[in-house]
Amino acid sequence: MKHNKILVSFFIVALVFFSCTKLDERFRSELQQGNTASVTAAQLLTSAYQSIQGTFQGNGNLISSAQVTSDETIVPTRAGDWDDNGLWRQLFLHSWNADHSYLSGAYSSLLGTQFAASNVLQFSPSPQQAAEARFLRALSMYWVLDGWDQVPYRENLTDYKILPKTLKGTAAADFIISELTAIMSTLPDGSPTSAYVANKDGARALLMRIYLNKGVYASRTAPTFNAADMNQVITLADQIINSNKYALNDNFFDAFAPDNDVKSKENIFTLLNTGTSARGTDAMRGFQYMVNHYNMNPGGWNGWSTLSNFYAKFEATDQRIGGYYNYAGALPNPGHNTNAGFLIGQQYDLTTGTALKARNPATAPLAFTPAVKIRETDPNTLEMAGIRAVKYVFDYGTTGDFKKNDYVMFRFADVLLMKAEAILRGGTGTAAGTYGNTALAIVNSIRAKRGATALASVDLNAMLDERGREMYWESSRRQDLIRFGKYLQAWQEKPADAGTKNLLFPIPSNQLAVNPNLTQNPGYN
Amino acid sequence: MLMSCKNLLKTAAVIILLSVSQLIIAQERVVSGRVTDSKDTSGVPGVTITAKGTKTGTATKNDGTFTLSVGSNVTTLVISSVGYATQEVSIGGKTSIEVSLVATGGNLNEVVVTGYGTARRKDLTGATATVREKDFNKGVYTSPDQLIQGKAAGVLVINNTGQPGGSSTIRIRGSSSIRSGNQPLFVVDGVPLSGGSARPGGSGADYGNDGGNPLAFINPTDIASMEILKDASATAIYGSRGANGVILISTKKGKSGVPTVDVSASVGVSNVLKKLEVLDPGEFRQALKDYSQTSGDYGGNVDAFDAITRSAFTQNYNVAVGGGNENARYRISAGYLNQQGVIENSRLNKLSTNITSSFKFLESKKLGLDINLLVTQSDEKIAPISAFVGFTGNLISQALQWNPTHPLIKPGTDSAWIDPAVGATTINPLATLNYFDDKAKVNTIIATITPSYQITKDLKYQFSYSINRQVGVRRGQLNKIINVTGIEGRGAAFINNQEQTNTQLTNTLNYNKQLSSKFNLNAVAGHEWLTFDTKGNGMNAQDFANVGLDYYDIMQYSTQTSRNIYSFANPTTELQSFFARAIVNYNDRFLVTGTIRADGSTRFGENNKYGYFPSLGVAWNISREDFLANANAVSNLKLRLGWGQTGNQEFPSGASLDRFGLGQQSISQTNYGNPDLKWETTTTANVGVDFSLFKDRLTGSVDYFNKKTTDVLFEQTIAQPAPSGKIWVNLDGEVVNTGVEIMITGNVMRSKDINWNLSTNVSFMDNTVNGLTGFYETGALRGQGFSNVFGQRVIAGQPLNVWYLGKFEGIDKTTGQSIYTGGDPSVNKFYVGSPNPKTLLGISTDFSYKKLTATINMNGAFGHYLFNNTAASVLGIGNLPNRNIAKSLIGVEPKEALSNAPAPSTRNLEKGNYLKMTNATISYRVGNVGKSIKNLNISLTGQNLFVITNYTGFDPEVNTDGANGGIPSFGIEYIPYPSARTIHLGITFSL
């Protein structure tokens, strides 16, 4: 009996001893909030830059929402290829619904950047780091405003139970303007060779975009443009022009080449790609892959094309239409065949110069045709239908998936065109640089540099066309079409929109479910 | 040897006695004999032998022998025992008889393993199914779950792929969780497993993505029985890990007696169960003509699928030595499995050993010590079959699509022909086989030491400590010759490592006492502490040279810029629990079982560190009541009622905390904390009836269950802007599974030479999701033209993972294009069926005639729909003229246009009903041969012999991974490793 008692008490003691675990998780390859003394603002700022690169450089999400919904890009369904459950057709035909995965994806990734940028501010950043972070935040909020009109904004980053508030329309635009104005003095000065760091000129260019579109954000269906906003655009443009740091490139495609951070004189703010996974994404190569046919080099996915009506806007001598472009990292291209700009007609092997054949039928020459339909069904022509477009020429010099072309967010030609448009819309023309002080003069100075003949006059339609020719496939077209009131109209292969709901993208339903401060945009259920 | 001596002595004694008795007592004689179990000819102790019509009787000894003096007028002996069919044997003129007893279902006195203890079957109040070794599926298997496929009502076991050692989906009473695991908890000899394994993944989408079966380290030959705990009153003692059911595995232990050696060996050959029908060269040429194609005929004749498959050989050898006495028993076993896969170059080798021993010390023999050690090394060559591939496909799709008129081997060489004429993106399947390599080695050790002390006759204390350590390494490479984009001209290789260490510390106090003449109490109380720890690292790189060495052995040759390295160490997970159970038995008539468990886990949020899981079960042995006492037909009738709560905590460690992850030179926040995060709670109510009729010739049970899961775990997007937008929450929704399970075993025919048992189990199940706001998409469908396509939804009012697709109406006669309801199938979608089977069926029968026995096991599932992603995106008509298509597309009206785009729709949603002949065995019991060899048994087994189904894919038993955002999918087939049909020849014997 005695030693039974001893045993039982031993058991109880053992039980108590073993139950003294606190049950806290110990992290070994991650950090908890409490251990973030070692986290620096610099590291978080790099993450913020990386996150915005992911948003813009994949050809899904944001790029497709800005381009495929416009008249400059069409992604036809080629029999089985690119059907993707109708995702591309819906974008082009404006028939998407509230759960289109690329639209939801774009929304989420833009807001992810807002978070990553705001997070930097919590870790004692230096004034310049804080300014860079706020610039990235303003840039991502601008894109959300542009597409969805409702911008969730989170100030408290520690308690997720506090919902983000929603900034809408003009209020959102004003907030972004105030942010950019506040950080202007602390941002570093920009230069074409350091365009990948957020800088004053990038902030100015972004402000120009916002002021130019302010009337649209106030009313999407019937925008008005007041002179004060237009003059703001002109003032900011002049600041950039008069700094004399930027000029139009001699070769149009220098702004997008693999070494564009060295040789382009136009780039104002870019997203850095180093050619390694250290900085950048592997999606830059996508710009070539998505237009290349399977038998080209690199063998591509044979998808994205442009409309023949859009191609018809270019003169044959206009540099921007493309042609043979020699750059560091190019293939030998003995035949000097077109490798930049619009790829039309017979395509060639850029190493040997031989003419390429299609895959199916394998005897047909690989020649891209202007004619293109949203659903290609003729097996003899579906592979070759549609003119392709390449601005970011392929970096053959870097092995691996990561390429070196920096992605251009703002460049000098865009600044000039915005100034011209602001003058056209009621602003007061000023002379700055050698570009002239009227809309016509500025447009013609760009056209002269690009090898196109001068226009006799420029009205809003001509302005829109010129922006199309200069800024094609740079995610600018949707915004331009809305501002010029053409977005809902019919164009090649697309019928007119019924109603006006498509001027805004729908808020993803998974966000509506968790944020009662958001309401679905009108017309979507 | 001793036996025969004893028998000799006995027989001699009997003869002497008989002859003496003949002289002296003319009215009595002695009959002796032996009673054995018909299944394994072992002697059965404790069998009652009665002289019919008298009260004279005796019982058999340990070895099954008996001696009985009967009056000379006695002509029949009645042989009876609980759990066996009673027999009457005529002894007219005989003095020695051999009786072979046939076991029936429902061994009431058999000891059943329960959570943290044992109980007699007749005392159970919960829904439990026991499957013993003799009832296991016959044949050669790599993991324990395959042994019980189709053997228990309500339990669905699906082999996800045909890969040897491949993963399986096990569902007990349906899926209850949207996001966290649905697999049951496995406990091996008291050691709860983590459910994960240290087999690393591959780096890159081209390497086989199947995670392997985490139970594959157990040698199925070492398993004695498996207990499946289904309802809460049986599983609640496992608390927050018991919501999906619990399967208790008991390995074989040594028996008292002289050391015996059990040997088994089998060799077998496997072939692909079903080849998909694609065009042969003649049909292909005809199809080209029908569609007016001028290219596509390369003049050759090949069958690419045959080229990548083979007849595969399997060898399985096991030897076990066991023995001991009452105070020391041991069993040491070793097994070797060499299983080739039906896909060339793939195989699984397993070397395992299991040592179990049990000792008693001290004069009083009160101090017990059990030591178990399980060591396994598995060595796999994995086939390049992954579901995550892009449009270039994997080995299976490349073989299916290969143009049958284009030779596979380059003429004049013996290497695979990489011919750009068929397209730069078309890969030769032989090239994939030759230029691809993927090997994984996993070593597992589980060591358990369990000292116990019998404090008093009724009270026993037991302490158990176990450590489970698994280390895995995987190496793979892709040769630079192969024309895969990004690999061609560069090559790629990786080395990935993973290790897992789990420890267990359990203290239990068992109390088992007959309190009074009518009350019996069986109670257990205990404490358990588990820790789980996983870490790993890996590297991959590109740009190698072909110098005759494996790339992964010369990783330093790669270019600096192509290298990736990573390492991780998961946050530690600890689980601390207190539990108690009491079973009160009143006069064998009423039983009450109550259990309670408190679980604290590091995974739970700050505010919910401990969860409490109670259960209550009540049973009424109706057959013991007076009004049934004389009913001869009913030998057992028991009504069971159970209610309880269990939990599910299968979400990643760290889910409830703020976390920052590290990338290359960057740190970003990856997770938002939720201090309220807790387990999912499943509340089960169960009503069941166990019965045994007609002298145990018909036994079975019927159960109705209602299983509701609340606080459903979910990884939700939090209101943006936020870090990757995810936070773990417990949703407001619930998942409800209800159903009826019926299990019946009958002894159809029983006589001296012939015995026929038939057993069947059927379950009817229904699954619904309630109360969820919004919906979630999963069920990723893949292939050319199918990117970002999801075919399933989780939404209130529908079953879990309901199919949500466009409706296919046919081909338009004039255009040859598909017609869908509403026009565009991407915008007009409908809820078109569930991938969860509504009915499960298992049929087992064994028929023996003298020494020959035939056993057949079948299982089936009905009422669900599968999506044939292989047919949808790999073999569509658009493949012509360069690639092969499905045969079913040719020669049908209306003729489909070549440009008809494949779109996800009901066109490829097929009924998944099937009945499969899982295995069939014919065995011949040779018996003892010579002096040494005992119980020699020869058998011929066929596994996966045939499937009765209308499903047109490889095998309706399939589950390809189509998870999205962590939500698993169900019922998709996408170019999986094909299933195999195997024939084995095996022998077993003892020495």
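Every chain is numbered from 1, with letters handed out A, B, ... down the list of sequences.
- Interface remark: B/Ala897 contributes no atoms to any contact with chain A (heavy atom separation under 4.5 Å).
- Of the listed residues (A/Lys357, A/Gln90, A/Arg154), the one with the most heavy-atom contacts under 4.5 Å to chain B is A/Arg154.
- When heavy atoms are compared at a cutoff of 4.5 Å, A/Arg279 does not approach chain B at all.
- Chain A forms more heavy-atom pairs under 4.5 Å with one residue of B/Pro902, B/Ala569, B/Ser577, B/Gly489 than with any other, namely B/Ala569.
- Applying the ring-ring contact (aromatic ring centres under 6.0 Å, His included) rule to A/Trp88 yields the partners A/Trp82, A/Tyr102, A/Trp304; only residues at least two apart in sequence or on another chain are considered.
- The environment of NZ in B/Lys829 is crowded: more than 12 heavy-atom neighbours from other residues, nucleotides or ligands sit within 6.0 Å.
- In this structure, the separation between OG1 on B/Thr485 and OH on A/Tyr289 is 6.0 Å, given to the nearest 0.5 Å.
- Residue with the most contacts toward chain A among B/Arg603, B/Gln542, B/Lys535: B/Arg603 (heavy-atom pairs, distance under 4.5 Å).
- No donor-acceptor pair under 3.5 Å is formed between the side chain of A/Asp401 and the backbone N or O of B/Gly486.
- Contacts between A/Thr398 and chain B at a heavy-atom distance below 4.5 Å are absent for every atom of the residue.
- Contacts of A/Leu44 with chain B are made by both backbone and side-chain atoms, with heavy-atom separations under 4.5 Å.
- Both the backbone and the side chain of A/Thr377 come within contact range of chain B, with heavy atoms under 4.5 Å apart.
- No side-chain donor-acceptor contact under 3.5 Å links A/Ser29 to the backbone of B/Phe568.
- Atom CD of B/Glu606 has 12 or fewer heavy atoms from other residues, nucleotides or ligands within 6.0 Å.
- Checked by atom type and distance alone, the side chain of B/Gln720 never pairs as donor or acceptor with a backbone atom of A/Tyr107 at under 3.5 Å.
- Top candidate by heavy-atom pairs under 4.5 Å with chain A, chosen from B/Leu898, B/Leu657, B/Ile877, is B/Leu657.
- At a 4.5 Å heavy-atom cutoff, A/Gln50 makes no contact with chain B through either its backbone or its side chain.
- There is no contact between B/Ser562 and chain A, counting heavy-atom distances below 4.5 Å.
- In this structure, chain B has a heavy atom under 4.5 Å from the side chain of A/Trp301, while its backbone stays farther away.
- In this structure, the side chain of A/Arg375 does not engage the main chain of B/Ala901 through any donor-acceptor pair within 3.5 Å.
- Using a 4.5 Å cut-off between heavy atoms, B/Glu777 makes no contact with chain A at all.
- Other residues, nucleotides and ligands contribute at most 12 non-hydrogen atoms within 6.0 Å of the CD1 atom of B/Ile565.
- Between chain B and the residues A/Gly299, A/Ala48, A/Pro164, A/Ser509, the most heavy-atom pairs under 4.5 angstrom are made by A/Pro164.
- Contact of B/Asn674 with chain A is made through backbone and side chain together, with heavy-atom distances under 4.5 Å.
- In this structure, the portion of B/Ser601 lying under 4.5 Å from any heavy atom of chain A is its backbone and not its side chain.
- The choice from B/Gly783, B/Gly654, B/Ser656, B/Gly878 that makes the most heavy-atom pairs within less than 4.5 Å of chain A is B/Gly654.
- Neither the backbone nor the side chain of B/Arg563 has a heavy atom closer than 4.5 Å to any heavy atom of chain A.
- Atom CG of B/Asp732 has 12 or fewer neighbouring heavy atoms from other residues, nucleotides or ligands inside a 6.0 Å radius.
- For A/Lys165, the salt bridge (charged side-chain N to carboxylate O under 4.0 Å, His left out) partners at least two apart in sequence or on another chain are A/Glu155.
- With a 4.5 angstrom heavy-atom cutoff, A/Ser101 touches chain B only via side-chain atoms.
- For the side chain to side chain contact (heavy atoms under 4.5 Å, CB included) with B/Pro721, the qualifying choice from A/Leu111, A/Asn119, A/Leu110, A/Val151 is A/Leu111, the only one to do so.
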